[in-house]
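In this chain, numbering begins with 1 at the start of the sequence shown.
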Amino acid sequence: MDEKEKIGIIGAGPAGIIAAGIAGSRGKDVTLIEKNERIGKKLFITGKGRCNITNNSPIEDFFDNVMKNKNFLYSSFYSFSNIDILDLLHSYGLKTKVERGNRVFPESDKSSDVIKTLQKFLNSNNVNLILNTNITSIYYDDSKFVVIANEDKMVFDKLIIATGGASYPGTGSTGDGYKLSKRLGHNITELKPSLVPIEVNEDWVKDLQGLSLKNVNISAYTKNKPLYNEFGEMVFTHYGISGPIVLSMSNYLHNYTNGKINLQIDLKPALDEKTLDERILRDFQIYNNKYIRNALDDLLPQRLIPIIIFLSDIDPEKTVNQVTKEERIRLLNNIKGLTFTFKSFRPIEEAIITSGGVSTKEINPSTMESKLIEGLYFAGEVIDVDALTGGYNLQIAYSTGYLAGMNV
């Protein structure tokens with residue numbers, strides 16, 4: 001009887017794929033349903049198309065990088081860790097490498113190779129894959145799950161919802177799972193963009209669009225209370241700022257957006273103020289007779305120079321030998337503290353992941369089974385859990401997918 005149990009899984013992202021392959025390995029009759037024309041469509045664009053598979057840090061460190069409901073993930077992470085997903089992928093021939101921040105990537109730098117490996121995993125476990133199929137409704141009737149898709153009806157003994165979030169809708173993550181889960185009686189916590197670019201109030205950022213900065217320090221504070229501080233890379237956009245350290249910062253600011261948030265970039269974090277002042281004076285001696293606008297090329301990216309001069313209230317037509325000590329100090333202060341004011345987050349459609357989802361209070365953390373409906377399971381981003389960048393969110397998908405696949 002058990003071998004013939006029909007298992008339906010909605011969503012062929014990383015959570016759904018792992019859940020399907022694991023359930024299939026247990027001899028279940030598994031059908032994996034995907035609305036897109038191929039599996040892993042969002043996975044394809046992760047890590048700028050390279051796929052940051054997971055993180056190589058000890059699994060206990062993962063909890064420090066989970067922003068919401070970290071205790072819910074205890075069983076998941078320890079049941080199927082970062083080592084386990086890498087062992088699985090290696091067993092199907094994928095070669096991986098570890099980069100800065102313990103991020104793990106395919107050796108080829110191609111996310112498509114990760115997806116091909118996961119396809120082998122599905123094939124070897126006899127998963128029935130149905131593509132181009134959009135689920136319009138689900139209802140629970142006589143201990144069975146009736147799934148309506150493209151006007152067809154499928155009936156399953158047990159069901160796993162692994163539809164992802166509401167970010168990057170072009171990849172199929174359009175929030176379907178939230179609607180379906182709600183219809184089945186589950187509560188959905190407030191949905192917010194997470195790991196998302198930030199809009200600022202200052203118009204001059206438009207002049208810096210596309211400029212990337214490496215080795216800078218960004219901090220956020222409100223009423224002099226520090227909220228966040230991080231060193232790394234960022235990029236200016238036509239509306240504000242983005243890049244790794246900005247995306248991570250966005251996760252920390254959700255609870256403070258009612259008040260005024262100031263953001264500050266230290267363009268030279270390796271130099272204290274005294275050392276930086278000495279460096280500026282040295283450059284000033286070299287370019288003594290030049291206009292100030294032509295005297296900072298050794299210190300700053302060219303596109304930043306007119307902005308820093310403008311914010312320092314220095315006449316760009318002044319020669320270096322005319323710059324006063326007060327003006328030089330203002331220059332130094334803007335290099336050490338380029339300041340913006342937070343305006344808003346970009347829309348959820350531009351977020352890497354969604355914060356919020358099916359309430360963890362209604363899911364058994366040891367099995368991923370619904371506490372409301374027997375035989376209903378959840379996996380991945382549809383659940384109200386999210387983490388910082390670095391491979392942690394994908395690991396949540398694999399780990400919760402594994403538990404659902406093992407227990408379904």
Side-chain angles (χ1 to χ4, degrees), residues 48 100-101 197-222 224 226-250 260-343 346:
K48 296 179 181 173
R100 184 177 55 82
I198 285 173
E199 295 188 17
V200 300
N201 287 312
E202 288 68 20
D203 282 339
W204 49 260
V205 295
K206 292 173 186 167
D207 298 333
L208 299 174
Q209 181 179 352
L211 175 66
S212 293
L213 299 177
K214 292 183 178 181
N215 304 320
V216 297
N217 203 86
I218 195 163
S219 55
Y221 56 93
T222 179
N224 297 319
L227 304 177
Y228 183 80
N229 190 59
E230 183 69 64
F231 174 85
E233 296 178 32
M234 60 158 290
V235 63
F236 290 99
T237 65
H238 67 282
Y239 51 75
I241 49 177
S242 187
I245 57 175
V246 175
L247 297 178
S248 291
M249 178 174 67
S250 70
K260 182 182 176 184
I261 298 174
N262 290 307
L263 310 173
Q264 202 168 72
I265 298 167
D266 184 345
L267 298 166
K268 295 291 174 184
L271 305 178
D272 61 25
E273 289 187 9
K274 182 174 180 293
T275 311
L276 179 58
D277 194 32
E278 289 168 357
R279 168 71 197 275
I280 293 170
L281 283 168
R282 198 163 64 244
D283 283 7
F284 275 14
Q285 284 177 335
I286 296 168
Y287 302 112
N288 192 34
N289 295 313
K290 281 195 169 188
Y291 292 123
I292 182 70
R293 57 185 161 82
N294 296 325
L296 299 172
D297 286 359
D298 296 347
L299 194 63
L300 296 168
Q302 212 161 30
R303 288 176 63 195
L304 253 179
I305 293 169
I307 301 293
I308 294 291
I309 291 173
F310 164 73
L311 294 173
S312 304
D313 196 22
I314 303 172
D315 180 355
E317 300 302 315
K318 261 192 177 183
T319 55
V320 168
N321 54 26
Q322 293 177 309
V323 174
T324 67
K325 182 182 178 182
E326 288 74 19
E327 288 173 328
R328 191 183 82 241
I329 297 302
R330 291 202 298 269
L331 188 75
L332 183 150
N333 288 339
N334 277 302
I335 292 170
K336 291 294 287 179
L338 184 58
T339 303
F340 318 84
T341 47
F342 174 91
K343 182 180 179 183
R346 291 295 283 175

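For Y228, the ring pair (Phe, Tyr, Trp, His ring centres under 6.0 Å) partners at least two apart in sequence or on another chain are Y252. I265 meets the side chain to side chain contact (heavy atoms under 4.5 Å, CB included) test with V216, I218, M234, F236, L267, L338, F340; sequence neighbours excluded. Every side chain to side chain contact (heavy atoms under 4.5 Å, CB included) that K206 has, sequence neighbours left out, goes to D203. For K274, the salt bridge (Lys or Arg N to Asp or Glu O under 4.0 Å) partners two or more places apart in sequence, or in a different chain, are E278. R282 meets the side chain to side chain contact (heavy atoms under 4.5 Å, CB included) test with R279; sequence neighbours excluded. Not counting sequence neighbours, the partners of S212 by the side chain to side chain contact (heavy atoms under 4.5 Å, CB included) test are V235. Here K336 pairs with D266 under the salt bridge (Lys or Arg N to Asp or Glu O under 4.0 Å) rule; sequence neighbours left out.
The line from CG of N333 to CG of L311 is 12.0 Å long, rounded to the nearest 0.5 Å. Atom CD1 of I308 and atom CG of L300 lie 6.0 Å apart (nearest 0.5 Å). Distance check: N262 CG to L227 CG gives 9.5 Å after rounding to the nearest 0.5 Å. Put simply, CG on L304 and CD1 on I309 are 10.5 Å apart, with the number rounded to the nearest 0.5 Å.
Residues V200 and G240 come closest through the heavy atom pair CG2-CA, 3.8 Å. Here the closest heavy-atom approach between residue A220 and residue L263 is recorded as CB-CD2, 3.7 Å. Closest of all the heavy-atom pairs between Y221 and P226 is CB-CA, 4.0 Å. Contact record, Q264 with T339: NE2-OG1, 3.1 Å, taken as the closest heavy-atom pair.
For residues 322-332, the pairs satisfying salt bridge (charged side-chain N to carboxylate O under 4.0 Å, His left out) are D277-R328, K318-E327, with sequence neighbours left out. Legend: side chain to side chain donor-acceptor pair (under 3.5 Å) pairs involving residues 303-316, not counting sequence neighbours, sorted by first then second residue: S312-N334. Residues in residues 210-220 take part in no salt bridge (charged side-chain N to carboxylate O under 4.0 Å, His left out) pair, two or more places apart or across chains. Sequence neighbours left out, the pairs with a member in residues 233-246 that pass salt bridge (charged side-chain N to carboxylate O under 4.0 Å, His left out) are R100-E233.
By the 4.5 Å heavy-atom criterion applied to side chains, P301 and L211 are counted as neighbours. Looking at I280 and I335, their side chains come closer than 4.5 Å, going by heavy atoms from C-beta outward.
The main-chain N or O of L299 is found under 3.5 Å from a side-chain atom of K268 such that the two form a donor-acceptor pair. For the pair T222 (side chain) and K260 (backbone), a donor-acceptor distance under 3.5 Å is present. Here the side chain of S248 pairs no donor or acceptor atom with the backbone of I245 at under 3.5 angstrom.
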| query | Should L331 and F284 be marked as a side chain to side chain contact (heavy atoms under 4.5 Å, CB included) after you check the CA-CA gap, both sets of side-chain angles, and the distance that decides it? | reply | CA-CA 12 Å; L331 188 75; F284 275 14; 4.0 Å; yes
| request: Kindly determine whether V205 and I241 satisfy side chain to side chain contact (heavy atoms under 4.5 Å, CB included), including the steps that lead there. | output: CA-CA 8 Å; V205 295; I241 49 177; 5.6 Å; no
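Counted within 6.0 Å of CZ on F231, heavy atoms from surrounding residues, nucleotides or ligands total more than 12; the atom is thus considered enclosed.
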Side-chain donor-acceptor pairs under 3.5 Å in residues 288-297, sequence neighbours left out?
residue, atom, partner, partner atom, Å
N289, OD1, N321, ND2, 3.1
R293, NE, E317, OE2, 3.2
R293, NH2, E317, OE1, 3.3

